[in-house]
Amino acid sequence: MKRIGHYIDGQLVEGGDETSPVFNPATGEQTAELALAGPAELDSAVAVARKAADGWRKMSLAKRSNVMFKLRQIIVERTDELARIITSEHGKVVSDAAGEVARGLENVEFCAGLMHHLKGEYSEQVATGVNVHQVRQPLGVVACITPFNFPAMVPLWMITTAIAAGNAVILKPSERDPSAAIWIAEAFAEAGLPAGVLNVVNGGADTVNGILNHDGIDAVSFVGSTPIAQHIYSTAAANGKRVQALGGAKNHMVVMPDADLDSAADAAISAAYGSAGERCMAVSVLVAVGEIADELVDKVAQRMPGLKIGDGTDPESEMGPLITAQARDRVASYVAAAADEGATVVVDGRERKFDNDGFFIGVSLVDNVKPGMKVYDEEIFGPVLSVVRVDTYDQAVELINSNQFANGVAVFTRDGKTAREFEFDIEVGMVGVNVPIPVPIGAYSFGGWKKSLFGDTHMYGPESFNFYTRRKVITTRWPEPSESQISLGFPTH
């Protein structure tokens, strides 16, 4: 059995007495055992990172930027290799895995311009003979705790910016699909990153809690479910750390009566069932406005039987399995609960049969869903699309704005006035107009509102550089010796 360890100080390290199984979700077979870090491994990684951080922050911006350019080239040339690693442990189809790598690569490219992003400010003659300037400096050691659903993209969204800003990093990937993180660490080393600046420590809840309570870690970035995000935020903040914790989502897609229903149905299928719905930006609620509901539901249902679900390595597969058997069974339980609570199960993914022991489930469509039902209130993280019917635009906005999550939302309409009003009225962090999954490009930042984000800054892009740096303000004066005098008063200008 293959054993996956950690990556500390530029070396693969086995450490850890406890292990966790790693599966191929398409077959249900265990393919590796993962060493779980204990306190010794975590302490070692932090000590190495603290030492490396001092040297790395002194590295010129030009040399840091060169590492990013070289990393970009490595990832571009070996995207297929990384994509297949992702598919083997996550299950998503290879084309989707390659798309994930491409979106992570956007942040590498953004960070290559770190000279621009780390510029300070300068004001001369703020008082007679006095100048003031402000610089950005790294925090020190940053821990990045990343989710299973994007084992390459989210790490690249976090660690690349943290490293570009001059920090050292402890990366704790999901224990379900850890190999992509090791691959990325080795690619960084190949690109010229000094040993110890990026360390990968594998583990579960105990390792996470060790990170949150470790005195040698200055900040924590996290993506995962809302309950865990709340725990991460409250615990790390109580320990004096800077925290950025992205939580769950319940993303709505509003279809107005004037929308192109065929385009809307295509978008709903793509956004709800891509990557088996294991995306924090997946559309999980279709809001049908007015009299188009029956026709819209029918068009979505007609498209569902043609979806090809199978092993992610099969080029013909459009959707792969879920990450674990437990995740599959949890998704099935939501479909069952929806029927019990009075919703209409139009297409039941539980009825679809598969030939092997992989963690597969079919796609589901549930109509007549209402707030208060589990299928609406909770984040499912699987291929289940709920339909909520409302009579008016105002009801659609009220429905969305009253939801506890506020990650992403979309509206489909041909009317510019409606689109503009929606952009203004909606209380959600990322908005799409005729775009079902409005993930911003790398030059902007990613993140939601309400219980989808705990902390003040979003991920990647400009806000991310704000998170991974702190500002220092320096006031200078060079007086002639004859000008020196004693003054006990508060300085004024």
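Only a predicted model underlies this, so the values are computations on that prediction, with no experimental measurement involved. All values below were derived from every heavy atom in this structure, side-chain atoms included, with hydrogens, water molecules and symmetry-related copies excluded.
- For the pair Arg242 (side chain) and Phe467 (backbone), a donor-acceptor distance under 3.5 Å is present.
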Test log, rule salt bridge (Lys or Arg N to Asp or Glu O under 4.0 Å), inputs Glu106 and Arg103: CA-CA 5 Å; Glu106 286 184 12; Arg103 293 311 301 263; 3.1 Å; yes
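- Between the CZ atom in Arg72 and the CD atom in Glu77 there is a gap of 9.5 Å [rounded to 0.5 Å].
- Atom CZ of Arg136 is separated from atom CZ of Arg471 by 4.0 Å, given to the nearest 0.5 angstrom.
- With Asn251 contributing its side chain and Ser284 its backbone, the two residues share no donor-acceptor pair below 3.5 Å.
- For the pair Asn107 (side chain) and Gly104 (backbone), a donor-acceptor distance under 3.5 Å is absent.
- Side-chain contact annotation: Ser179 with Glu89, donor-acceptor N/O pair under 3.5 Å present.
- In this structure, OG1 in Thr324 is found 7.0 Å from CZ in Phe359, a value given to the nearest 0.5 Å.
- Between Glu41 and Ile8, the shortest heavy-atom contact is O-CD1, 3.9 Å.
- When side chains are defined from C-beta on, Ile86 does not count as touching Asp177, because their heavy atoms never get closer than 4.5 Å.
- Counting heavy atoms from C-beta outward, Phe405 and Asn407 have side chains that stay 4.5 Å or more apart.
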Stepwise side-chain contact (heavy atoms from CB on, under 4.5 Å) test for Val439 and Met430: CA-CA 7 Å; Val439 177; Met430 293 172 283; 5.8 Å; no
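- Under a 4.0 Å N-O distance rule, the pair Lys250/Glu379 does not qualify as a salt bridge.
- Considering only heavy atoms from C-beta on, Thr19 comes within 4.5 Å of Arg3 through its side chain.
- With Thr87 contributing its side chain and Arg84 its backbone, the two residues share no donor-acceptor pair below 3.5 Å.
- Residues Thr235 and Asn209 have side chains that never bring a donor and an acceptor to within less than 3.5 angstrom of each other.
- No more than 12 heavy atoms of other residues, nucleotides or ligands shown are found within 6.0 angstrom of CD on Gln11.
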Met319/Leu307 under side-chain contact (heavy atoms from CB on, under 4.5 Å): CA gap, chis, key distance, verdict: CA-CA 8 Å; Met319 187 185 107; Leu307 294 177; 5.8 Å; no
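- Between Phe148 and Phe381, the two ring planes are perpendicular [angle over 60°; tilted spans 30° to 60°].
- By the 6.0 Å contact criterion, CG on Asp456 is open, its count of non-hydrogen atoms from other residues, nucleotides or ligands being 12 or less.
- In this model, a donor atom of one side chain and an acceptor atom of the other lie less than 3.5 Å apart for Ser221 and Gln244.
- Asn401 places no side-chain N or O within 3.5 Å of a backbone atom of Ile426 that could act as its donor or acceptor partner.
- Using a 4.5 Å cut-off on side-chain heavy atoms (C-beta onward), Phe465 and Thr161 make contact.
- Although no hydrogens or angles enter the test, the distance criterion places a donor-acceptor pair under 3.5 Å between the side chain of Ser317 and the main chain of Asp311.
- Under a 4.0 Å N-O distance rule, the pair Arg279/Asp96 qualifies as a salt bridge.
- In Arg352, the CZ atom is crowded: over 12 heavy atoms of neighbouring residues, nucleotides or ligands sit closer than 6.0 Å.
- Taking the centre of each ring, His458 and Tyr444 stay at or above the 6.0 Å mark.
- Counting heavy atoms from C-beta on, the side chains of Phe150 and His90 never come closer than 4.5 Å.
- Between Thr31 and Ser88 the shortest side-chain heavy-atom distance does not fall below 4.5 Å.
- Judged purely by distance below 3.5 Å, without hydrogens or angles, the side chains of His214 and Asn239 never pair a donor atom with an acceptor atom.
- A donor-acceptor contact shorter than 3.5 Å links the side chain of Thr226 to the backbone of Gly248.
- In this structure, the separation between CG on Leu171 and OH on Tyr7 is 12.0 Å, given to the nearest 0.5 Å.
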Derivation and outcome, ring pair (Phe, Tyr, Trp, His ring centres under 6.0 Å), residues His252 and Tyr376: CA-CA 10 Å; His252 298 67; Tyr376 178 82; 5.6 Å; yes
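- For the pair Ser275 and Lys92, the tightest heavy-atom approach, listed with the atom from each and the gap, is OG-CE, 3.7 Å.
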Val169/Met158 under side-chain contact (heavy atoms from CB on, under 4.5 Å): CA gap, chis, key distance, verdict: CA-CA 10 Å; Val169 174; Met158 291 182 182; over 6 Å; no
Arg50/Asp54 under salt bridge (Lys or Arg N to Asp or Glu O under 4.0 Å): CA gap, chis, key distance, verdict: CA-CA 7 Å; Arg50 294 216 70 85; Asp54 184 58; over 6 Å; no
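- For the pair Phe222 and Val208, the minimum side-chain heavy-atom distance is 4.5 Å or more.
- Residues Thr160 and Tyr460 have side chains that never bring a donor and an acceptor to within less than 3.5 angstrom of each other.
- Atom NE2 of His133 sits in a crowded spot, with more than 12 heavy atoms from other residues, nucleotides or ligands closer than 6.0 Å.
- Checked by atom type and distance alone, the side chain of Asn167 never pairs as donor or acceptor with a backbone atom of Ala53 at under 3.5 Å.
- For the residue pair Phe412 and Pro436, the shortest heavy atom distance occurs at CZ-CD, 3.9 Å.
- Under the 3.5 Å distance criterion, the side-chain polar atoms of His6 are left unmatched by any main-chain donor or acceptor of Gly203.
- With Arg64 as the partner, the side-chain contact (heavy atoms from CB on, under 4.5 Å) test is satisfied by one option alone out of Leu118, Ile163, Leu193: Leu118.
- Here the closest non-hydrogen pair linking Gly349 and Ser364 is N-OG, 2.8 Å.
- Contact check on Arg78 versus Glu190 returns a salt bridge, with a Lys/Arg side-chain nitrogen under 4.0 Å from an Asp/Glu carboxylate oxygen.
- Heavy atoms only, all atoms of each residue included: Ala236 and Leu212 are closest at CB-CD2, 4.0 Å.
- At most 12 heavy atoms of other shown residues, nucleotides or ligands fall within 6.0 angstrom of atom NZ in Lys451.
- Between the side chain of Asn434 and the backbone N or O of Thr413 there is at least one donor-acceptor pair closer than 3.5 Å.
- In plain terms, the two heavy atoms of Ala443 and Pro462 that are nearest each other are O-CD, 3.2 Å.
- Between Ser65 and Leu114, some side-chain heavy-atom pair lies under the 4.5 Å cut-off.
- Here the straight-line distance linking atom CG of Asn202 with atom CG of Leu34 works out to 4.5 Å at 0.5 Å rounding.
- To the nearest 0.5 Å, atom CD of residue Gln404 and atom CG of residue Asp377 are 7.5 Å apart.
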